[in-house]
Each structure stands twice: as C-alpha cells, then as structure tokens.
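The structure under discussion appears below in the form of structure tokens.
To find a chain, count down the sequence lines: A is the first, B the second, and so on, and within it residues start at 1. The figures here come from the full heavy-atom set of this structure, side chains too, leaving out hydrogens, waters and symmetry mates.
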Protein chains: 2
Amino acid sequence: MGTQQIDYYSSQDKMYVAADCIVFGFDEDELKLLIFKRRVEPDKGNWSLIGSFVKIDEDVDDATRRVLKEITGLDNVYFEQSYTYGNANRDKGYRCISIAKYALIRIEEYDKNLVEKHGAYWYKINELPKLTLDHDKMVIDALNKLRRKARYQPIGFELLPEKFTIPQLQSLYEAIYQRKFDSRNFRKKVLSLKVLEKLDEKDKSNSKRGAFLYKFNNKNYERLLNSGYNFEI
Amino acid sequence: MGTQQIDYYSSQDKMYVAADCIVFGFDEDELKLLIFKRRVEPDKGNWSLIGSFVKIDEDVDDATRRVLKEITGLDNVYFEQSYTYGNANRDKGYRCISIAKYALIRIEEYDKNLVEKHGAYWYKINELPKLTLDHDKMVIDALNKLRRKARYQPIGFELLPEKFTIPQLQSLYEAIYQRKFDSRNFRKKVLSLKVLEKLDEKDKSNSKRGAFLYKFNNKNYERLLNSGYNFEI
DNA sequence: TCAAAAGTGTTTATGGTACACCCATGA
DNA sequence: TCATGGGTGTACCATAAACACTTTTGA
C-alpha cells in the first residue's frame, strides 16, 4: 500500500478474496483440466473451477495449498500464479476478487477417491464444457501462461511421472501446444539440454520394442536456468 | 470461486485489497521509477510505491487508473498486471493483499506539479533507496516482467515520446536490459520489424548532425503481433 | 578543423527445420 | 513375418553476432 489509508470498507459490504485453482493434468496423451460440478446454490449444476476464500490470517499461497490438498490429496503440488481477476461485478451477489493459480499434477498420483467426494472430473482441454462466471477466461489465460512458461522452463516435467520416455515427453508438449513436432528434432533438442538422465529400464506399455525411460536431473536443470536459456521447440 | 462458500469473514477483521503501482519512466537515457516519501504514519519518512485501497464497487483496474490519474495527471496510462502479494503478514497491523501493476509513462508528459503535492521522486532504477515492506521485491518482480514482456512485444515504445530517434530507442532498451547493444545490429533489427515510420524531421538535441525522428506505426504493429513474433535483441 | 554522434554492409557462426529409413519385438 | 512404435543423421536456410569506417555539422 502507498500513501493513502482511507477506510473504504466502513460499509457493511465485504470484500471477499478467493484462491481459485486451474488444475492441469496429463494422461493418455491428453492435457486435461480438473473441474467440478457445483452441488449447491448458487449456480448449482454448473461446471466450475475449484477454489476457496482466503482466511483472514492465511497466506494466499497457503490457501492454494489447502485447496489442492483437499482436492488431490497431494502435498507439494506445483503451482504458479496466474492473473488476479478484480472486476466489481465478476461474481454474483457479492464482491469477490479471485487470485488464480494454475497447478500441474501427475494424474496417476492423484487420489481417485477424491473425485466422487467433490464432484470432480477430468476434461480434455479441448472438450471443456461451459464453465460458470469468468472461469472460461481464467482457463484460457492460465493455458497461455503455461505455454509461455514452458518455453523458457522445462515446466512440463511436473506433469509426467518420475520416469518417463521421450515419446511421452513429446506427446505432452504436443498436448500443451496443440501441434505436432518432428520426433528427430524434438529428441535432439531435449537431449541437447542435458537435463535428462537415461535409465536402464524400458517402458513397454506403448510398443513391443519399448522406449527407454529417463528421469529429470535437477542439478543440471539448476545450472541450465542460471545460464539463461530458452526452450523454443 | 469454487464450491466452498463458508463465511471466513465473520470476525471483526477486515481483508483489505490494494492496487499498488510500479511506475516506470524513461528520461535522459535512464530507466526511472516513481516513488514516494510517506508523510503520514505508519512508516512516515519511508520510501514507498503508490497505491490505494480498492473500493467495494470498483474494478481493480479502475482503482489502478484512479491512482495513476491522481499521481501523473494522465488518463490512459499503459499498465499491466504484475503479481498479487498475499502473505498474511506482509503489511503492518492489518491484513492487506496487494495487486501490483506496473505502468509505463513518458516522463515528459508527466505533470511536474504533482510531484511536490505527493512527495514523489523519480529515481534511477539502479540507485533506488530501500523501500518499505515488500515493495523492493515488487519492483524487482515488475522489472523482470517488463523485461520478459519487452522480448515479445515492442512495449518499450510506451516509454518514449511520440517522435523518437533510433539511438533513443536503443538507449531505452539498454536501460531496460542493463547492457549495451551493437548499434548496427539494433538498427537492422528494429527496422526489419517494419513498425517504425521515418519522418522528415531530425532531432538535434544530442548531436550536431542530428538523428532522424521516427514514429510508431500502430497498424503494422497489430499485423506483427497477430503473425506471432519475438523481439529477441 | 575537429570532436561527437549518426549511419551504413559483410562475414561468420549458430541453431532451426525439413526430411526417410532401419531397428526391435511381441503377437 | 509383420505391424507398430522407437530410434537415428544430414543438408539447408534463416537469423544472430561480430566487426570498422564514413558522414554530417556546430562549435
């Protein structure tokens, strides 16, 4: 805050602040979004992102972690801040500012029991139903942020299992950018970054021959980031 | 907001929301930041960004415009959202969430009378004093956002007068990125974008020979953006 | 006439892009 | 044996980077 300290909030009206989460996952070569069918009014039956009001003594990031934990059962979910939506009339009936965060989760780690409990479903990113309020825009914005970020940080790894194959990594990037890449050029590029460690195991779930598994080398990644680079696939 | 509608705000405590502005300007080959010496408690005498609480029925962007208008006397100042700062203890005594915006203004258009009125000063970006609270971090984050954005949008034009020379444009980019560029390569690059229109006038304020003035061609810029590009100087 | 900034071209290096075939294996 | 996905190398082109001298003109 700056120089002004006028009490604008002396009226009865309350300013609500919500941490809303755009939860991306990757599964079966598809980028997916976790959304919820509202089971209470207002807007019962409509699809929505998940979120929660931020408590008065709670960091916004902690509110985000709380929401993600409740929904996915996971601690330490990767998330980044997207935009903050502050139009006075964006919500119905009350003033609510939404601080949007996008999260990336490995679908196979996701606790499936939580789905039914919360009325949650994974939708393919290009088959989404209409969402409530301005949530459609929030998804578009988050996806654009993800795409932009994935260009200069190998963020995509957050969406893959710990061990993954290069064809898997490629199909993830194809899902994020919604276009095909040449497999020779893709492989050349990601290997040139030297952040992948080849393992002795193969994953044979997709082919008879099997594809070598790799894991992500965090130490080399740090080095890469500090030297400043650009993914540019 | 998502599925939860619990009333976390039933206590006396209020959640404040502020629109805080990181105002960049360009002058005499230097990138500058507009900051304020607080003349009231708390934190009297400390340097601070400018901001205001968001009114209950006011869009956050409108609050930003209100602040910028009051400080600079200008309508239609260019601004972008930076981060939202939501730590519970980031402000003193009360809970305040800060939605940070960075603004770019042409210093010569700035109404100098407003400086004294608000206790405002332009500081060179690399000679800033310590700012109050987390405002130092807000400036660093905003500067990084500006740098990143300037790579894929010719955002720098917002900081220059309507008519400007190529050496001026270069020194702006040198101020933003804090490094030198080769003048031949810089000129080649910006002219290749075809968003500059050469005028018949010269600016002789910096040399006897004078440098041709250019203006920014908005139509070509739109075309450029839609075709997707990357400034990459 | 000279100091100081404006303006101009070419060469080299790097990295992106396009492109087609062989390999391994389980069914 | 064959269908399927995994894996490899090369040639070309576009663009970034490095680099030095001439021009203009007011003082």
Side-chain angles (χ1 to χ4, degrees), chain A residues 28-30 147 150-152 154 160-161 163-175 177 179-215 224 227-233, chain B residues 28-30 147 150-152 154 160-161 163-215 224 227-233:
Chain A
E28 295 162 11
D29 291 2
E30 295 279 355
R147 285 177 177 147
R151 278 179 178 270
Y152 62 93
L160 289 173
K163 301 172 180 181
F164 53 87
T165 67
I166 291 186
Q168 270 180 314
L169 182 61
Q170 178 170 347
S171 77
L172 168 60
Y173 273 85
E174 291 178 343
Y177 291 107
R179 65 185 189 88
K180 295 289 180 191
F181 299 103
D182 178 276
S183 69
R184 285 161 294 189
N185 293 339
F186 185 87
R187 182 179 293 267
K188 206 187 311 173
K189 177 76 187 190
V190 296
L191 291 178
S192 76
L193 297 176
K194 303 228 165 66
V195 293
L196 296 187
E197 246 171 67
K198 189 174 186 174
L199 304 176
D200 270 341
E201 308 165 63
K202 279 192 166 187
D203 167 31
K204 298 207 168 189
S205 61
N206 281 307
S207 72
K208 294 156 188 165
R209 178 178 176 178
F212 277 104
L213 286 162
Y214 287 78
K215 67 177 190 181
L224 185 63
S227 71
Y229 92 111
N230 194 321
F231 204 68
E232 272 312 339
I233 296 217
Chain B
E28 294 162 10
D29 290 2
E30 296 278 356
R147 285 177 177 146
R151 280 182 176 271
Y152 62 92
L160 291 172
K163 300 173 179 181
F164 53 87
T165 67
I166 291 185
Q168 271 180 314
L169 182 61
Q170 179 171 348
S171 77
L172 168 60
Y173 273 84
E174 290 177 340
I176 291 177
Y177 291 108
Q178 297 280 299
R179 66 187 190 87
K180 295 289 179 191
F181 299 102
D182 179 274
S183 69
R184 285 161 292 191
N185 292 340
F186 185 88
R187 183 180 294 266
K188 207 186 308 172
K189 177 76 185 190
V190 296
L191 290 177
S192 77
L193 296 176
K194 304 228 165 65
V195 293
L196 296 187
E197 244 171 68
K198 191 174 184 175
L199 304 176
D200 270 340
E201 307 165 65
K202 279 192 167 186
D203 168 32
K204 298 208 168 187
S205 60
N206 282 307
S207 72
K208 294 154 187 168
R209 178 177 177 180
F212 277 104
L213 287 162
Y214 287 79
K215 66 177 192 179
L224 185 63
S227 71
Y229 95 109
N230 193 322
F231 205 69
E232 270 316 337
I233 295 218

Between D:dG6 (C1') and A:L169 (CG): distance, integer Å = 15 Å
Terminal helix-axis angle for the helix from C:dT1-D:dA27 to C:dA27-D:dT1, with five pairs defining each axis and rounding to 10 degrees = 0°
Do any N or O atoms of the protein come closer than 3.5 Å to N or O atoms of nucleotides 11-13 of chain D, and which pairs are they?
none

Can you name the side chain to side chain contact (heavy atoms under 4.5 Å, CB included) partners of A:K180, sequence neighbours left out?
-> A:E174
Non-neighbouring partners of A:S171 that pass side chain to side chain donor-acceptor pair (under 3.5 Å), sequence neighbours left out = A:D29
By salt bridge (charged side-chain N to carboxylate O under 4.0 Å, His left out), A:E197 pairs with (sequence neighbours left out) none
Side chain to side chain donor-acceptor pair (under 3.5 Å) partners of B:R147, counting only residues at least two apart | none
Separation of atom CD in B:Q168 from atom P in C:dA5, rounded to whole Å | 14 Å
For the pair made of CG in A:L196 and C1' in D:dG6, what is the distance, rounded to whole Å?
-> 16 Å
Which residues in residues 202-214 of chain B have at least one heavy atom lying under 4.0 Å from any atom of DNA chain C?
-> B:N206, B:S207, B:K208, B:R209, B:G210, B:A211, B:F212
Check the distance between D:dA16's P and B:L191's CG and give it to me in whole angstrom.
-> 14 Å
Between the CG atom in B:L172 and the CD atom in B:Q170, the distance rounded to the nearest 0.5 Å is 10.5 Å
What residues, two or more places apart in sequence or in another chain, satisfy ring pair (Phe, Tyr, Trp, His ring centres under 6.0 Å) together with B:F164?
-> B:F157
Considering heavy-atom distances to DNA chain D, does A:R184 or B:D182 have its closest nucleotide positioned more toward the 5' end?
-> A:R184
Tell me: CD of B:E174 to P of C:dA5, nearest whole Å?
-> 13 Å
Name all residues meeting the side chain to side chain contact (heavy atoms under 4.5 Å, CB included) criterion together with A:K188; count only those two or more places apart in sequence or in a different chain, and write none if there are none.
-> A:N185
Kindly write out the residues that satisfy salt bridge (charged side-chain N to carboxylate O under 4.0 Å, His left out) with B:R209, not counting sequence neighbours, or none if the list is empty.
-> none
Listed by chain and number, what are the side chain to side chain contact (heavy atoms under 4.5 Å, CB included) partners of A:K198, not counting sequence neighbours?
-> A:F212, A:Y214
Shortest side-chain distance from A:S183, nucleotide among C:dG9, D:dA16, D:dT8 = D:dT8
Spacing of A:N185 atom CG relative to C:dT14 atom P, expressed in whole Å = 19 Å
Could you state the atom-to-atom distance from CZ of A:F186 to C1' of D:dG5 in whole Å?
-> 16 Å
Considering residues at least two apart in sequence or located in another chain, which fulfil the side chain to side chain contact (heavy atoms under 4.5 Å, CB included) criterion with B:K208?
-> none
Among C:dA18, D:dA17, C:dA6, which nucleotide sits nearest the side chain of B:R187?
-> C:dA6
Identify the two heavy atoms, one from B:S207 and one from B:A211, that lie closest to each other, and give their separation to 0.1 Å.
-> OG-N, 4.4 Å
Please give, in whole Å, the distance from C:dT17 P to A:K180 NZ?
-> 17 Å
